[in-house]
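Okay, structure first, notes after.
The structure presented is a predicted model; accordingly, all values stated were derived computationally and were not measured. Both ligands and their constituent atoms are indexed starting at 1 by order of listing.
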Amino acid sequence: MTYDCIIIGLGPAGSSAAYYLAKKGLSVLALDKEKFPRHKPCGGCVSYKAEELLPPDFKSVVNNSINGAVFSYKGKKKAEFRGSNGPVGYMVSREIFDAYLVKKAEEAGAKVKEGERLLDIYDAKNSVIVFSSKGRYKGRYLIGADGANSSVAKRLGLAKERRLFLTINAEIKTDSAEDFSDLVEIDIGAIPYGYGWVFPKNGCLDIGIASIKDESFNPKKYFLEFIKKRPFLKDIKIEKTYAFRLPTNPENTPLNIIGKSTLLAGDAAGLTDPLVGEGIYYAIKSGQIAGETVLSLFNKGSDISNYRERILKEFISEFNYSWKAAKLIYSMPYFWSAVIKRNIKIVEFYYKVLRGEETYSSFSRKLKAIMPHPRHKMS
Ligand SMILES: Cc1cc2nc3c(=O)[nH]c(=O)nc-3n(C[C@H](O)[C@H](O)[C@H](O)COP(=O)(O)OP(=O)(O)OC[C@H]3O[C@@H](n4cnc5c(N)ncnc54)[C@H](O)[C@@H]3O)c2cc1C
């Protein structure tokens with residue numbers, strides 16, 4: 001048979017696309033090389049704005065709500081703020097959250113095949129052929145949602161402009177997790193051009209660091225220092241750390257995310273926010289937009305390039321401002337940690353961005369207004 005759409009990868013991007021299209025009555029085949037639940041290195045903080053995109057019962061897989069953050073600089077606490085408008089995010093375990101999304105896609109009618117790896121693709125104007133570790137499938141369209149090391153992107157020569165930043169994280173069991181119940185810790189001095197985090201996660205703490213400095217930057221040294229500077233991590237034995245790639249698009253990216261009948265979504269398309277590396281919301285949303293585009297291609301015979309236009313308009317224009325904010329904050333972490341300490345309004349404003357009530361363009365304008373000297377002004 002020819003499937004209306006074949007989806008590669010069942011993380012948040014692929015599952016959301018599969019759920020959307022199957023609910024609309026299209027025939028969907030979705031493959032993932034892993035069997036769910038599977039491990040995924042991730043802080044597991046889903047921003048509040050994702051709530052409206054998720055099925056109504058998604059809170060059944062939320063561990064706890066996050067109401068704000070402790071801000072520190074090189075291990076020294078500077079400020080602690082809870083937002084006044086409600087939660088800024090939700091903590092999930094990716095094992096449970098992703099398995100839940102896969103189940104939703106399956107219940108909606110998508111044919112899900114786990115433990116089946118994509119090996120090759122033939123992408124033509126009127127069809128796609130997928131060669132997997134277990135078979136060969138034909139589809140009308142293909143959505144490549146296979147994450148940071150996307151084979152779909154590599155095979156088709158797409159998204160070459162993506163930048164892959166190294167991150168390191170670990171999950172640790174500790175009684176201190178209780179102290180963090182509705183707060184995350186963010187340390188913007190923990191690593192050059194990046195930040196360190198401590199997130200509470202189901203009785204554990206997820207700790208990690210990420211930097212946008214350059215692709216060959218080795219964060220291990222900073223990760224060990226980050227741990228050393230936290231008394232509550234002093235006697236902790238870290239059994240396993242994960243180094244992983246965080247993909248984002250450069251400023252003013254050409255955004256090559258469509259083939260003849262193929263669309264890339266989520267990390268495969270480099271859709272993480274440069275300031276904080278948030279990717280779950282953008283994966284879910286781009287998966288849905290990819291689904292909407294495929295549906296409109298069937299219904300109205302519209303053009304596949306509309307997908308790229310929508311991602312440029314809805315994500316990349318914002319990410320360009322997020323880049324400005326990132327460069328500004330990470331080039332002067334001490335200055336900004338002092339600003340955060342005395343300026344609750346700027347923190348509240350960022351919480352609104354996480355809640356989907358404000359934009360990065362407004363946020364970066366606010367940052368610019370706080371800048372001390374013209375030579376620091378953003379271009
Ligand atoms: C250390 C770290 C911490 C992070 N913390 C956060 C956070 O707190 N909040 C946040 O919003 N974002 C966070 N992110 C980013 C977030 O994890 C990603 O943006 C998000 O998972 C992207 O979802 P996705 O569906 O595009 O890809 P993924 O979740 O990576 O899913 C891709 C799927 O494709 C499958 N796949 C890959 N290759 C193949 C193949 N050849 N054949 C078949 N299947 C294949 C994989 O098995 C996987 O299931 C973090 C990232 C890292 C690295």
Stacked cation flag Arg163 on Phe165, 6.0 angstrom / 45 deg: no

Salt-bridge contact Glu171-Lys201 (side-chain N to carboxylate O under 4.0 Å): yes

Return a table of N or O atom pairs, ligand 1 on one side and protein on the other, at distances under 3.5 Å, rounded to 0.1 Å.
from	atom 1	to	atom 2	distance (Å)
ligand 1	5 (N)	Gly43	N	2.8
ligand 1	8 (O)	Gly44	N	3.2
ligand 1	8 (O)	Cys45	N	3.0
ligand 1	9 (N)	Cys45	O	2.8
ligand 1	11 (O)	Cys45	O	3.4
ligand 1	11 (O)	Gly279	N	3.1
ligand 1	11 (O)	Ile280	N	2.9
ligand 1	12 (N)	Gly279	N	3.0
ligand 1	17 (O)	Arg94	NH1	3.1
ligand 1	19 (O)	Asp267	OD1	2.7
ligand 1	19 (O)	Asp267	OD2	3.4
ligand 1	21 (O)	Arg94	NH1	2.9
ligand 1	21 (O)	Arg94	NH2	3.0
ligand 1	25 (O)	Pro12	N	3.2
ligand 1	25 (O)	Ala13	N	2.9
ligand 1	26 (O)	Asp267	N	2.8
ligand 1	29 (O)	Arg94	NH2	2.9
ligand 1	41 (N)	Ser151	OG	3.4
ligand 1	42 (N)	Leu118	N	2.9
ligand 1	44 (N)	Lys33	N	3.0
ligand 1	47 (O)	Asp32	OD1	2.7
ligand 1	49 (O)	Asp32	OD1	3.4
ligand 1	49 (O)	Asp32	OD2	2.6
ligand 1	49 (O)	Arg38	NE	3.0
ligand 1	49 (O)	Arg38	NH2	3.0

Output a table of donor-acceptor pairs, distance under 3.5 Å, between side-chain atoms of residues 258-271 and any protein atom two or more places apart or on a different chain; print 'none' if there are none.
from	atom 1	to	atom 2	distance (Å)
Ser261	OG	Ala124	O	2.6
Ser261	OG	Lys125	O	3.1
Ser261	OG	Arg140	NH1	3.2
Thr262	OG1	Asp123	OD1	3.0

Indicate the ring-plane relationship of Phe319 and Tyr282, choosing parallel, tilted or perpendicular according to the 30° and 60° boundaries. perpendicular

Verify the distance criterion only: is there a donor paired with an acceptor across the side chains of Thr293 and Ser296 at less than 3.5 Å? no

Report the residue from Tyr90, Phe97, Tyr19 that forms a ring-ring contact (aromatic ring centres under 6.0 Å, His included) with Phe58. Tyr90

